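Following: one structure in structure tokens, then a few remarks.
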2 protein chains.
Amino acid sequence: MRTKVPQDGGRSLAEMVAARIREQVIHGGFSPGQHLSEAELSDSLEVSRNTLREVFRVLTKEGLLRHEPNRGVFVATPDMATIVDLYRVRRIIQVEILEQAFSGHPAVRKMREAVERAKEAREAGDWLVVGSADLAFHGAIVALADSPRLDAFFSHVLAEMRLAFGLLSEPELLHSPFIELNEEILKLVELGKRSEAASRLEKYLVNAERVVLGAFTRH
Amino acid sequence: MRTKVPQDGGRSLAEMVAARIREQVIHGGFSPGQHLSEAELSDSLEVSRNTLREVFRVLTKEGLLRHEPNRGVFVATPDMATIVDLYRVRRIIQVEILEQAFSGHPAVRKMREAVERAKEAREAGDWLVVGSADLAFHGAIVALADSPRLDAFFSHVLAEMRLAFGLLSEPELLHSPFIELNEEILKLVELGKRSEAASRLEKYLVNAERVVLGAFTRH
DNA sequence: AATAGATTATTTGTTGAACAACAGAAAGCC
DNA sequence: GGCTTTCTGTTGTTCAACAAATAATCTATT
């Protein structure tokens, strides 16, 4: 299947190939643990092997691929240890950020938009959009800290979470129960009740971790 | 100056070239903002341009280099915004980790070793080692969280801090006053007084940020 | 039938040359 | 001096080649 990456003014080909593969990894276009052959993929994407290797280095740094010297590159395989670590990271970062949040911050608007979008998508039964909105809500929490480094790091965390969620076939179970909770956290932030919001978020994360680990166990 | 990277059993050439350049960036072998010419550097390191490009992608992701499409790669230039963000990241991550630390954790030993090493190096007047020990102390704090992702992220934070410190010519000012404070934090952790340790660390970070920003202003 | 060792095939890691595209510098014109 | 055009140098990408490492296959032994 030849799928040449179209040119998008301004962006380098490597960037676009990276975006393409990132998208495919996150949305299950490759199997977990799948080996990505340089020769095959460069052929099907119609790019040179060297360009693809640059892309592999970048996506490996983002945690979506795993590079083993002399053996090649594999799609990352989130396992239970991954889930545990991701939620640990989130508990440390998100909770602390919320403890220091202020309600007038522009990112609160993004949190609100994400909650509304999730509710609409739930009515329409579009669980993929619900999931995206849920994760966007959490990215917006991190954006409260005004830290480009934390934003970038957390975007990798979210990408890995999407990858992990993609392994599970229960989007409704993963996201639906948390829409009301997100709204509650949002309201607390809007009211300036930071400690309560942080406490609520921590409970949410502990719960969500349990749910996700449970779903992993059933696989 | 031709400086071929020696072969080191098992590691790929790209990895070793990355390590070489990382070392040079951190220790001031290049000027801040310096443009790194692919042609020149591949020639002087005696590696192919393609290999070097892979390395550039990796180090760019680590924050040590800045890649501008079609213009090339430049050594990162920590400015005051960088310092502000790095300390913000540290306040969010390190303080929260310390709030949850337990005194029996193996990383407490690393913290202790770093403090001892700093004290010895201070006696010997070796401020570079004092600085490394100080940063290792902080890496050990993060290691208390047992999170590979936070460890990796923080190692980049530390590399950027080293780069920033390298711009300043006052190692004594940057590190000496904090050896006793590190020991105090260590003692509190060893005694299980987490909140006090966290509070102490927060004050330290606020102070250190001021000192570093002050030194930047004088440059 | 299972295992170990040898051989073969495939893939990755690296190189170097080539060329198109882009950015910056230099030259020319008003 | 300012603007435009041309030139130069560098980056981005491609391709072909080859060495090294790993995986797959085959053969021999128990």
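None of the values given here were measured: they were computed from a predicted structure.
- One can place CD of B:Glu68 at 16 Å from P of D:dT10, the figure rounded to the nearest angstrom.
- Residue A:Leu52 is the one, among A:Leu52 and A:Asn70, whose nearest nucleotide of DNA chain D lies closer to the 5' end (criterion: closest heavy atom).
- Summarising the geometry, the separation between CD on B:Glu54 and P on C:dG13 is reported as 8 Å, rounded to the nearest angstrom.
- With B:Ser147 contributing its side chain and B:Ala143 its backbone, the two residues share no donor-acceptor pair below 3.5 Å.
- Heavy-atom nearest nucleotides on DNA chain D were determined for A:Arg49 and for A:Glu15, and the one closer to the 5' end corresponds to A:Glu15.
- Residue A:Val73 is out of contact with every strand shown, counting any heavy-atom pair closer than 4.0 Å.
- Listed candidates were C:dG24, C:dC22, C:dT15. Nearest to the side chain of B:Arg71 is C:dG24.
- Rounding to whole angstrom units, CG of residue B:Asp43 and C1' of C:dG16 are separated by 12 Å.
- Considering only the side chain of B:Arg53, D:dG12 comes nearest among C:dT15, D:dG12, C:dT14.
- OP1 and OP2 of C:dT12 both lie 4.0 Å or more from every side-chain N or O belonging to B:Ser12.
- Closest to the A:Asn50 side chain, of the nucleotides D:dC15, C:dG13, D:dT13, is D:dC15.
- The shortest side-chain heavy-atom distance between B:Val89 and A:Phe153 does not fall under the 4.5 Å cut-off.
- Residue A:Thr51 has no polar side-chain atom (N or O) positioned under 4.0 Å from OP1 or OP2 of D:dG12.
- Within the 3.5 Å criterion, the main-chain N or O of B:Asp146 finds a donor-acceptor partner in the side chain of A:Arg88.
- Atom CD in B:Glu38 sits about 16 Å away from atom P in C:dC22, given to the nearest Å.
- Ranking D:dT11, C:dT15, C:dT12 by closeness to the A:His35 side chain, first place goes to C:dT12.
- As rounded to whole Å, 12 Å separates atom P of D:dT13 from atom CZ of A:Arg11.
- Two residues are said to be in side-chain contact when any heavy atoms from C-beta on lie closer than 4.5 Å; A:Ile179 and A:Asp134 fail this criterion.
- One interatomic measurement links the two molecules: CZ of B:Arg57 to C1' of C:dG13, which rounds to 17 Å at whole-angstrom precision.
- Counting to the nearest Å, the P atom of D:dT13 and the CG atom of A:Leu45 are 14 Å from each other.
- Side-chain atoms of B:His67 lie closest to D:dG12 of the nucleotides D:dG12, C:dG16, C:dG13.
- In this structure a side-chain-to-backbone donor-acceptor pair under 3.5 Å is missing from A:Thr51 to A:Val47.
- Rounded to whole angstrom, the span from the CG atom of B:Leu13 across to the P atom of D:dA20 amounts to 13 Å.
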